[in-house]
Amino acid sequence: NAGVTQTPKFQVLKTGQSMTLQCAQDMNHNSMYWYRQDPGMGLRLIYYSASEGTTDKGEVPNGYNVSRLNKREFSLRLESAAPSQTSVYFCASSEAWGQGYNSPLHFGNGTRLTVT
Amino acid sequence: KQEVTQIPAALSVPEGENLVLNCSFTDSAIYNLQWFRQDPGKGLTSLLLIQSSQREQTSGRLNASLDKSSGRSTLYIAASQPGDSATYLCAVAIMEYGNKLVFGAGTILRVKS
């Protein structure tokens, strides 16, 4: 059971370059999320998709775009990378989303991105 | 704005010791609180989820408690083992944003053999 799979695992970009981080889950989950993790700051939500066909901004969406391609896949795109986007990016999924719904998150192993 | 704080930032204990990790949050309007484990270079693994109506959850040697009124949660690890060495993060699902989580920065635990 693969769970949540992220590609690539590592990436180095130059300022201004673009790239797409890929995420896929095989647990038939409805909701998917993108977080970034920076030292000493915990994880911060970038974008989320409560269900197939919907996406919404999280806490730190500036400089990113997302696409919920289908129920399994949720991609994160950096259109013009900046050094401030150097971070570890995690994709996560949960069975459902909604007020009061208690659904644990399942995380991928992350993409370590460096922007020079 | 909800803020989640974890104390201590790092902890080193000898094998076999019982230990407590602390998590505090500023807004008691939460749906649930979750504890995660993160191994170096890996993603997060969900350990325990406590619903807002619950006081505690147990899984094996782990016990997590929740006191919403005081904005606190503790993760108790019994008879610690070197394999417990990892970063432990807590996160709260805040009512303002549905099931989205606000994370603490984590406690780095090292269990010495």
Side-chain angles (χ1 to χ4, degrees), chain A residues 1-7 9-10 21 23 25 27 29-51 54-61 87-112, chain B residues 1-10 21 23-26 29-54 57 59 62 64 66 68 86-108:
Chain A
N1 188 354
V4 179
T5 303
Q6 292 184 235
T7 56
K9 293 183 179 180
F10 302 93
L21 282 64
C23 175
Q25 53 89 10
M27 296 172 284
H29 284 172
N30 290 296
S31 304
M32 299 185 73
Y33 313 79
W34 277 105
Y35 286 88
R36 60 177 289 173
Q37 185 177 35
D38 301 294
M41 297 188 69
L43 279 76
R44 291 180 293 168
L45 183 65
I46 305 171
Y47 269 93
Y48 69 101
S49 171
S51 61
T54 68
T55 61
D56 282 288
K57 296 178 181 180
E59 183 183 356
V60 288
S87 187
V88 181
Y89 291 85
F90 288 100
C91 177
S93 69
S94 65
E95 184 176 349
W97 177 92
Q99 294 188 357
Y101 195 94
N102 295 286
S103 179
L105 267 65
H106 298 258
F107 283 81
N109 285 332
T111 294
R112 283 144 186 84
Chain B
K1 179 183 176 183
Q2 177 74 266
E3 293 183 1
V4 180
T5 304
Q6 292 187 245
I7 295 174
L21 306 181
C23 173
S24 62
F25 48 96
T26 55
I30 64 171
Y31 284 116
N32 63 59
L33 184 143
Q34 300 182 37
W35 282 94
F36 295 87
R37 168 184 173 139
Q38 184 176 27
D39 293 292
K42 299 293 185 180
L44 282 68
T45 300
S46 179
L47 296 174
L48 291 165
L49 183 153
I50 310 175
Q51 299 181 29
S52 61
S53 58
Q54 298 175 322
Q57 281 286 339
S59 176
L62 305 179
L66 174 63
K68 266 200 338 176
T87 299
Y88 291 81
L89 298 98
C90 71
V92 294
I94 54 178
M95 288 186 172
E96 185 179 359
Y97 298 110
N99 199 31
K100 292 187 288 185
L101 297 178
V102 177
F103 281 83
T107 294
I108 302 171

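Order of the sequence lines fixes the chain letters, A, B, ..., with proteins taken first and strands second; residue numbering starts at 1 for each chain.
- Once rounded to the nearest 0.5 Å, the distance linking OH of A:Tyr33 with CG of B:Leu101 reads 7.0 Å.
- To the nearest 0.5 Å, atoms CG (A:Asn109) and CG (B:Leu44) are separated by 10.0 Å.
- Ranked by heavy-atom pairs shorter than 4.5 Å toward chain A, the options B:Gly104, B:Gly41, B:Ser52, B:Ala91 are led by B:Gly41.
- Legend: residues meeting salt bridge (charged side-chain N to carboxylate O under 4.0 Å, His left out) with B:Asp39, ordered by chain and number and at least two apart, are B:Arg37.
- Interface remark: A:Arg112 contributes side-chain atoms only to the contact with chain B (heavy atom separation under 4.5 Å).
- Interatomic distance, A:Leu43 CG to B:Phe36 CZ, rounded to the nearest 0.5 Å: 8.5 Å.
- Remark: A:Glu59 pairs with B:Lys1 by the salt bridge (charged side-chain N to carboxylate O under 4.0 Å, His left out) rule, at least two apart or across chains.
- Smallest separation of non-hydrogen atoms from A:Pro104 and B:Leu49: N-CD1, 3.7 Å.
- Only the side chain of B:Leu89 comes within contact range of chain A, with heavy atoms under 4.5 Å apart.
- Interface remark: B:Gln38 contributes side-chain atoms only to the contact with chain A (heavy atom separation under 4.5 Å).
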